[in-house]
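Worksheet for the structure shown next.
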There are 2 protein chains.
Amino acid sequence: MKVSKQKAAEHRKQIIAAAANKFREKGFDGISVADLMKEAGLTHGGFYGHFSSKQELMGLASRQALRETANKWEKVIGEAPDKPLEALAKSYLSARHHSHPETGCLFAALGSDLARQPNSVKEAVMEGQLAIIDVISRVVPGKTKAARRKQAVAVLAELIGGMVLARSVSDAALSEEILKAVSASVANGVHADAS
Amino acid sequence: MKVSKQKAAEHRKQIIAAAANKFREKGFDGISVADLMKEAGLTHGGFYGHFSSKQELMGLASRQALRETANKWEKVIGEAPDKPLEALAKSYLSARHHSHPETGCLFAALGSDLARQPNSVKEAVMEGQLAIIDVISRVVPGKTKAARRKQAVAVLAELIGGMVLARSVSDAALSEEILKAVSASVANGVHADAS
DNA sequence: ATTATCTATAGATCTATAGATAATGC
DNA sequence: ATTATCTATAGATCTATAGATAATGC
């Protein structure tokens, strides 16, 4: 039953990948270690050879999810150099993202749960959050680096809040209205004169 | 052990009040029915005389929490008639709200969990969400009612996302930076020319 | 007689661990 | 010999229910 070191390292990555998806889909408490291992094609007991606890995996999966998001955003921005913020808002606040939390933004999928996690998880989240703010900072207006960073934080907040609001109601028309309103605000509402 | 009808109605309210607080503090999955009943000064088994399930209470507690928030916002806005948005942002993005999710905004405390709830809960949330959007609509600029409503949705999103971001990191300086940046953006960044 | 609440528990979880197994890698 | 994985389970939950109890309210 033993596998090679290389295979074991792949298994570890598979578990983290499965967790990054299933945590975003079902919540940290919505999927058990046993079911996560099943998703990764392994059995329950093997988990603790790879990680010391479920919480350790929560931190690693969160880091992984945020890295994917930062990469995706760089790509979206890079493909629309003339109107990057509009492209980002359109992509983030799309119907596709709305209905696919499992591959989407960690903050929209698990944001309010993160507040209740131990520092080990929050530190991984902070690293990813800073990287994402950096990405946005490059495409918002602003004279100084500090001003652009402030704008980037505000844009990120608006995007996340918009998706949280849209996902928290069962009325599809209202969800769509929210996504459109926030998208228009992000695309139009950012201006260089903010203090 | 039986109590009067009046006392029983009070008990019901106490359970909902305890739930509205403890759910926001610990998450829907973070507190058990037994512990909620203990908070309300009652025993576990009595719960099912008041509610058919924990999920039913989740909907009622969410409605209750959102009503409190709508009332609080009306008050904050009413006390600062010359700069209502600035007052709202300052109150919402305060250190006090940051460290007291249990009495604060449901969306910041449980927003990402709401997406995974059944329609019974989401419908209660929608009602509260619309009421809150109405409150903000009265103080944002905009020529038409529709334009003001769009602005209100964007402001609400920005506030919620700002608090989620601030609460998801363990570094106090970063949290403070986020709250200030979003607060400035809400106070300065709303303008009447949004489509 | 009715019913709000209590005690006790069934049944179904879930995390983490212990010990067995079998393939790797020195 | 080492170790990645497996099976099995301990121990601690949690939701919901059953049946007893005792005060209300017709």
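In the text below, chain A, chain B and the rest are named by the order of the sequence lines, each starting its count at 1. Predicted, not measured: the structure shown is a model, and the values here were computed from it.
With both pairing distances under 3.5 Å, D:dG11 is matched to C:dC14 as a Watson-Crick or G-U wobble pair. For C:dA22, the paired base is D:dT3 (Watson-Crick or G-U wobble, both distances below 3.5 Å).
When rounded to the nearest whole Å, the span between CZ of A:Phe51 and C1' of C:dT15 equals 15 Å. One can place CG of A:Asp35 at 9 Å from P of C:dT15, the figure rounded to the nearest angstrom. Here the C1' atom of nucleotide C:dA4 and the NZ atom of B:Lys5 are 11 Å apart, to the nearest Å. The distance between atom CE of B:Met58 and atom P of D:dC14, rounded to the nearest whole Å, is 15 Å. Residue B:Gln55 contributes atom CD, which lies 13 Å from atom C1' of D:dA16 at whole-angstrom precision. Between the NE2 atom of B:His44 and the C1' atom of C:dA4 there is a distance of 16 Å, rounded to whole Å. Rounding to whole angstrom units, CE of residue B:Met37 and C1' of C:dA4 are separated by 10 Å. If you measure from atom CZ of B:Phe47 to atom P of D:dC14, you get 14 Å, rounded to the nearest angstrom.
Both A:Ala34 and B:Lys2 lie close to DNA chain C; mapped to their nearest nucleotides by heavy-atom distance, the more 5′-ward contact belongs to B:Lys2. Position along DNA chain D of the nearest nucleotide to B:Gly46 versus A:Ala8 favours A:Ala8 as the more 5'-ward residue. Take the nearest nucleotide of DNA chain D for B:Ser4 and for B:Ile31: the residue whose nucleotide is more 5' is B:Ile31.
Judged by distance alone, the side chains of B:Gln55 and B:Ser120 never bring a donor and an acceptor atom under 3.5 Å apart. For the residue pair A:Gln14 / A:Glu10, no side-chain donor-acceptor distance below 3.5 Å is found, with atom types taken as modelled.
Among the protein residues, B:Thr43 comes within range of the nucleic acid bases, having at least one heavy atom under 4.0 Å from a base atom. Across all strands shown, A:Gly49 has no heavy atoms under 4.0 Å from either base or sugar-phosphate atoms. A:His50 comes within 4.0 angstrom of sugar-phosphate atoms only, judged by non-hydrogen atoms across all strands, and of no base.
Within the structure, a side-chain polar atom (N or O) of A:Tyr48 is placed less than 4.0 Å from OP1 or OP2 of C:dA16.
When the nucleotides D:dA16, C:dC14, C:dT5 are ranked by their closest atom to the side chain of B:Val3, C:dT5 comes out on top.
Rounded to the nearest 0.5 angstrom, B:Glu56 CD and B:Leu60 CG are separated by 5.5 Å.
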Taking it one step at a time, do B:Arg116 and A:Asp113 satisfy salt bridge (charged side-chain N to carboxylate O under 4.0 Å, His left out)? CA-CA 13 Å; B:Arg116 294 181 285 269; A:Asp113 292 303; 3.3 Å; yes

What do the steps show when you test A:Cys105 against A:His97 for side-chain contact (heavy atoms from CB on, under 4.5 Å), and what is the final call? CA-CA 8 Å; A:Cys105 174; A:His97 187 198; 3.7 Å; yes

